Amino acid sequence: MNVAVAKTGNGRAVSDLFASAEGRLPGSPSVIAARREAFETYERLGLPHRRIEEWKYTDLRALVGEVLPLAAPPDAAALKRAADAVKAHAIAGARKLVLVDGVFAADLSDVKALASEVDFKTLRETLEKDSGLLNTAATDAVIALNAAMATDGVVLDIADGAQLSAPIQIIHIATAASASTFTRSQVAVGKGARATIIESFVAAGAKAYQVNDAVILSVGDNTDLAHIRLMDDSPDAVNITSQFVTVGANTKLNFFNMTTGAAVSRLQGFITLAGEGSELSVNGVNLLQKTEHGDTTLVVDHAVPNCFSREVFRAVIDDRAHSVFQGRIIVRPDAQKTDGKMMIRALLLSDEAEADNKPELEIFADDVSCGHGATAGALDDNLLFYLKARGLPEKQAQALLIQAFVGEAIEQIADDNLREHVIGIAERWLERRQ
Amino acid sequence: MALLEVKDLKVRVEEREILHGLTLTVNEGEIHAIMGPNGSGKSTLSHVIAGKPGYEVTDGEILFKGEDLLAMAPNERAAKGVFLAFQYPVEIPGVSTMNFLRTALNAQRKARGESEYSTPDFLKKVREVSKSLNIPQDMLKRGVNVGFSGGEKKRNEVLQMALFEPSLCILDEMDSGLDIDALRIAADGVNALHSPKRAMVVITHYQRLLNYIVPDVVHVMSNGRVVKSGGKELALELEASGYAQFEDAA
């Protein structure tokens with residue numbers, strides 16, 4: 001394939017995507033220049049395809065084809081629909097920050113309550129002065145595209161020592177069909193702080209839309225951060241999310257991702273353990289059906305000694321769905337006494353379901369304890385028969401075993417309410433199967 | 001009244017016939033023992049009655065309370081009152097015993113058109129039943145059979161029997177893997193559940209279980225058929241003379 005794809009499948013010129021959006025993209029002239037440069041990178045690389053190693057199993061050229069035009073800012077009717085979606089998806093007690101079609105919606109958000117504990121700005125405001133937030137690795141086309149096109153996002157600064165009294169929930173709502181949204185958020189958690197951040201992706205009426213989100217998270221020393229991501233986009237949508245995480249010393253970071261939506265999704269996380277003595281727990285569950293394609297790609301980089309990382313992932317794959325898990329643990333030469341392990345298990349519920357698991361270890365230090373495991377298989381017939389012999393119909397017996405299967409990952413969520421919330425999402429997904 | 005009628009049952013597993021025309025009638029309230037050497041088809045019979053996949057019935061029928069049992073899915077059989085106590089109960093990590101018991105009991109009740117138990121009502125019931133069987137509460141919080149000893153697994157089967165109140169209990173090699181104390185505890189549980197309406201079919205290789213659960217009728221199985229039936233004294237006779245005499249008869 002050519003290096004530059006000048007036209008998309010619809011005959012639209014790739015450059016139109018940027019040209020038609022440029023006037024609506026926030027930022028000072030220097031920011032716009034940075035965007036243009038990022039877009040040129042994207043144009044040069046084109047959408048990732050199977051011959052790029054990191055994207056081997058998620059060929060966006062085949063699965064997505066083209067990037068849809070930028071969504072228009074939401075009108076009153078869209079905001080009304082979004083308000084209903086907020087009600088349906090808000091987590092009790094959380095302080096909400098809502099983005100509708102890639103634009104921050106102040107009226108749907110709890111800015112005032114939040115401002116008492118956290119310094120909050122929108123990406124739009126931040127970009128008026130500074131293009132720094134757009135500086136991310138430019139070797140990946142979807143990340144470059146995000147830098148070029150990001151319309152809005154939340155920029156949170158949690159001060160040193162802050163003990164947040166309530167979780168913060170960032171809710172992304174799509175109301176516009178056949179359009180793309182590009183969002184980029186930054187969360188900085190200060191030393192000794194304690195916080196819970198939840199991200200939700202949902203649709204309010206819209207079907208075939210595309211989400212390209214980026215999150216830049218820096219976690220200071222001695223902090224305790226829980227980060228939960230719940231991706232339940234429309235079954236026709238595309239969600240590509242890139243997360244860049246830097247973890248300080250003696251910190252506890254507990255991340256959990258739940259994928260229950262989108263025709264094509266990829267969560268790519270780049271996590272660097274940059275301070276000693278930290279504990280990282282990265283877990284997730286992908287529940288995939290029909291022809292859904294769900295990809296979790298993680299790089300955990302142990303850059304310093306004495307850190308501990310655990311990854312527990314479960315994928316449940318029904319019908320003709322396709323699950324991808326790529327997990328890489330890097331242990332740098334200095335990172336002695338690293339303890340890093342990952343385990344991915346895929347459960348195939350149909351003969352046509354597919355799982356690609358690719359765990360990788362790159363170890364450059366000699367005194368470490370690292371391991372990985374990957375399995376794929378069907379439900380155990382003996383367990384199913386035992387449950388049926390006790391009166392459970394087939395689907396209910398399957399549901400109980402699937403709940404147990406995903407439970408091992410969900411159990412890693414420390415907060416009781418959030419864990420119950422996630423269990424509820426899994427239960428509803430299973431009920432839809434019955 | 002006949003509860004279970006197995007008539008001239010022929011069963012294959014992967015092209016090989018295991019049961020060659022087995023006939024057995026169990027009436028309400030009776031305790032039957034089925035004895036026989038390894039490979040005689042005892043466990044196959046129990047699996048076919050419970051509806052385990054992998055067995056092909058090529059001839060004959062099984063009636064339960066006059067209805068065609070073979071036409072029912074395993075869960076329907078359970079709801080009608082058939083209970084198989086497994087020789088090796090499976091471990092189900094991640095599913096708490098309590099959640100499993102409630103889901104199963106309510107699924108059976110729903111299938112019978114009865115109201116489902118609310119959580120408090122269920123808890124009350126399960127506490128009563130487990131107390132009467134001396135089953136500690138903390139066992140109910142653990143994953144189904146996970147980390148249970150052989151004796152605990154069998155007691156969990158007896159607990160389910162007590163909770164689901166089936167009219168036919170089939171105990172498949174209940175004595176396997178149990179020491180004598182565990183065996184007595186499990187047998188006491190079974191005896192406590194025997195009633196004029198509830199029949200028991202005890203499948204065993206050894207006579208010793210029948211010291212604790214006293215049968216009304218003893219059947220000897222050999223090579224896929226019942227070759228002799230009699231009273232409880234037949235079990236003692238077998239203990240003395242062994243199964244060899246029947247192997248030729250079959």
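Just so it is clear, the structure is predicted and the values come from calculations on it, not from any experiment. Per chain, numbering begins at 1; letters A, B, ... match sequence-line order.
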Q) Looking at CZ of Arg390(A) and CZ of Phe83(B), how far apart are the two atoms once the value is rounded to the nearest 0.5 Å? A) 3.5 Å
Q | Close approach to chain A in residues 151-167 of chain B, criterion heavy atom under 4.5 Å | A | Glu157(B), Gln160(B), Phe164(B)
Q) More than 12 heavy atoms of other residues, nucleotides or ligands under 6.0 Å from NZ of Lys341(A): is that the case? A) yes
Q.
Run the side-chain contact (heavy atoms from CB on, under 4.5 Å) test on Asp380(A) and Val90(B) for me, step by step, so that the C-alpha distance in whole Å, both residues' side-chain angles and the decisive distance to 0.1 Å come before the verdict.
A. CA-CA 10 Å; Asp380(A) 184 326; Val90(B) 296; over 6 Å; no
Q: Just give me the residue among Pro74(B), Ala73(B), Pro53(B) that pairs up with chain A most often, heavy atom to heavy atom, under 4.5 Å.
A: Pro74(B)
Q: Would you indicate whether Arg432(A), at its atom CZ, is surrounded by more than 12 heavy atoms from other residues, nucleotides or ligands within a distance under 6.0 Å?
A: yes
Q.
Taking atom CG as the centre, does Asp138(B) end up with more than 12 heavy-atom neighbours from other residues, nucleotides or ligands that are less than 6.0 angstrom away?
A. yes
Q: Could you list the residues that satisfy salt bridge (Lys or Arg N to Asp or Glu O under 4.0 Å) with Arg12(B), not counting sequence neighbours?
A: Glu15(B)
Q | Sole residue of Ile92(B), Val144(B), Val95(B) in side-chain contact (heavy atoms from CB on, under 4.5 Å) with Leu387(A) | A | Ile92(B)
Q) Under a 4.5 Å heavy-atom cut-off, does chain A meet the side chain of Glu91(B), its backbone, both or neither? A) backbone
Q | Interface residues of residues 101-131 of chain B facing chain A - heavy atom cut-off under 4.5 Å | A | Thr103(B), Ala104(B), Ala107(B), Gln108(B)
Q | Contact class of Glu408(A) relative to chain B, heavy atoms under 4.5 angstrom | A | neither
(Q) Please identify, among Leu401(A), Asp381(A), Val406(A), Leu400(A), the residue contributing the most non-hydrogen atom pairs under 4.5 Å to chain B. (A) Leu400(A)
Q) Mind checking whether Phe86(B) and Phe385(A) have ring centres under 6.0 Å apart? A) yes
Q.
To check you understand the geometry: which heavy-atom pair defines the closest contact between Ala404(A) and Pro93(B), and what is its length?
A. CB-O, 3.3 Å
Q: Evaluate the side-chain proximity of Phe100(B) to Tyr386(A): yes if any heavy-atom separation is below 4.5 Å, no if none is.
A: yes
Q. Taking only residues two or more places apart in sequence or in another chain, which ones pass ring-ring contact (aromatic ring centres under 6.0 Å, His included) with His322(A)?
A. His293(A)
Q.
Under a 4.5 Å cutoff for heavy-atom pairs, which residue among Ala389(A), Gly407(A), Ala397(A) has the most contacts with chain B?
A. Ala389(A)
